[in-house]
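A short worksheet on the structure shown next.
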2 protein chains.
Amino acid sequence: MFDVFFSHILEKVSLTEREKELLKTYFTYKKLRKKQFLLEEGEVCHYLSFVERGLLKSYNTDEKGIEHVSLFAWEGWWTSDLSSFFKEEKAIFTIDAVEDSEILMITLADFEKMTIEIPVMDRYFRILFQNSLFTKEQRLLSSVTYSAEEKYLRLAESNAQLLLRVPQNLIASYLGITPETLSRIKKNISRR
Amino acid sequence: MFDVFFSHILEKVSLTEREKELLKTYFTYKKLRKKQFLLEEGEVCHYLSFVERGLLKSYNTDEKGIEHVSLFAWEGWWTSDLSSFFKEEKAIFTIDAVEDSEILMITLADFEKMTIEIPVMDRYFRILFQNSLFTKEQRLLSSVTYSAEEKYLRLAESNAQLLLRVPQNLIASYLGITPETLSRIKKNISRR
DNA sequence: AAACAAACTTGATATAGATCAACGCTGACT
DNA sequence: AGTCAGCGTTGATCTATATCAAGTTTGTTT
């Protein structure tokens, strides 16, 4: 139940057996069926969640009702509306399960307790957030600099697995283009 | 020389006098004249820098030679090509001074020493990177969801100071639109 | 297996914003 | 004080991608 969890954390920091046992106590295990919501826009996001198995997406819905996927999270990733979670404000993102999933959830109060009692978790999350920043920076640059086709090709290169696991309309949404445009792009690419 | 520096760090974590003195020893002070480079694309980024005074921008230049501003950093902000700094890879960003500036710089080796010897700095940077993530998430959402005019209005609201301090062509670049478009947007807004 | 709803494709048309070009203003350096 | 480069404005045109619409394929539920 904590397999993926510990293997991911121990890649970045060391924990004693005692710390491991303590760490477990802060988390709640939950199963989600495909399409089930973990968070809905407008609620306060009460959990930071680690994906043990499955795949979730977090997205924002605009005035026209169009969904813009902000992040996919599968085995070994964390997901949450970070801003809502840490500031206890209303969430701007919705999170739901793309596949049946199993997650480990922690509340803000427990997160704070955890960083006090296991200070090395501050280091773990420092490294985690730092790596997240690289990715976000790349995406931001990509979204401003490249054409729709280049964005798709770059995603295909950097994240081939995603394309196999996620329906094309969600990929389009993640890239910030319409499904129609993505369909045409793929046709053009395969014609060459 | 470390005024802004300590006031910003002490907002987030506490330090003993001993830790403060030790912390200082890891940083190098540097003055930059307007237009002077702190980092050029293709180099490895050897420093993470805190801005004591002034204003820097970090940007990426595309194949057409167009600059895309990724981040402005003024008093109390950190700047670096994070990915290049932490992975010791070639930088994709260039950083230069928009105004005469004074900065405090730390190398990766010293950063690592610092987090070992003053573990609470892991916490400081965890919180810092976490806050950065909120902002990047917002910008990404904004860049995909909103029209050029909405992006501008949102920036004006959330960051009025920036508009006063930075030339309009850089604001356009930061928003991912052309200077011509921004000029037209402002005209439209003021006509109403 | 039938029936229905998603997901994907293809074509026609519309549009936001880019690009190209010319000109005026401002402020920095000689 | 004069000159020149950079910044901002405005207009005309172009283009990548969105939007709208219809049809096809795939997958899920009963």
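Within every chain, numbering begins at 1; the chains are lettered A, B, ... in the order of the sequence lines, protein sequences first and strands thereafter.
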Under 4.0 angstrom between [X] side-chain N/O and [N] OP1 or OP2:
X: S147(B); N: dA16(C); answer: no
X: T178(B); N: dG17(C); answer: no
X: K186(A); N: dC8(C); answer: no

Separation of [N] [atom2] from [X] [atom1] (nearest whole Å):
X: N169(A); N: dT9(C); atom1: CG; atom2: C1'; value: 13 Å
X: L175(B); N: dA18(C); atom1: CG; atom2: P; value: 11 Å
X: Y152(B); N: dG17(C); atom1: OH; atom2: P; value: 15 Å
X: E149(B); N: dG17(C); atom1: CD; atom2: C1'; value: 13 Å
X: R33(B); N: dC29(C); atom1: CZ; atom2: C1'; value: 14 Å
X: L170(A); N: dA7(C); atom1: CG; atom2: P; value: 7 Å

Of all the nucleotides listed ([options]), which has the minimum atom distance to the side chain of [X]?
X: I66(B); options: dT9(D), dT19(C), dA7(C); answer: dT19(C)
X: Q168(B); options: dG11(C), dT17(D), dT9(D); answer: dT9(D)
X: K187(B); options: dT10(C), dT10(D), dT9(C); answer: dT10(D)
X: S183(B); options: dT28(D), dG17(C), dT10(D); answer: dT10(D)
X: K34(A); options: dG8(D), dT28(D), dA18(D); answer: dT28(D)
X: E180(B); options: dT10(D), dT17(D), dT9(C); answer: dT10(D)

- Examine the base of dG11(D) for any acceptor or donor lying under 3.5 Å from a partner atom in the side chain of R184(B), and report the outcome as yes or no. yes

- Message: Tell me if the centroids of the rings in F125(A) and F111(A) come within less than 6.0 Å of each other.
- Response: yes

- Message: With a 4.0 Å cut-off on N to O distance, would you call K57(B) and D96(B) a salt bridge?
- Response: yes

- Message: Assess whether a salt bridge exists between R165(A) and E99(A), defined as any Lys/Arg side-chain N lying under 4.0 Å from an Asp/Glu carboxylate O.
- Response: yes

So [Y] and [X], do their side chains get closer than 4.5 Å, heavy atoms only?
X: T28(B); Y: L104(B); answer: no
X: E117(B); Y: Y26(B); answer: yes
X: T94(B); Y: N60(B); answer: no

- Between the first and last five pairs of the helix from dA1(C)-dT30(D) to dT30(C)-dA1(D), the angle of the axes, rounded to 10 degrees: 60°

- Message: For a quick check of understanding: with a heavy-atom distance under 4.0 Å over all strands, which category does L182(B) fall into, base, sugar-phosphate or nothing?
- Response: nothing

- Query: K64(B) near the nucleic acid: base, sugar-phosphate alone, or nothing, with a heavy-atom cut-off under 4.0 Å?
  - Reply: sugar-phosphate

- Item | Shared-cluster residues of L140(B), by chain and number - hydrophobic side chains joined below 4.5 Å | L140(A)

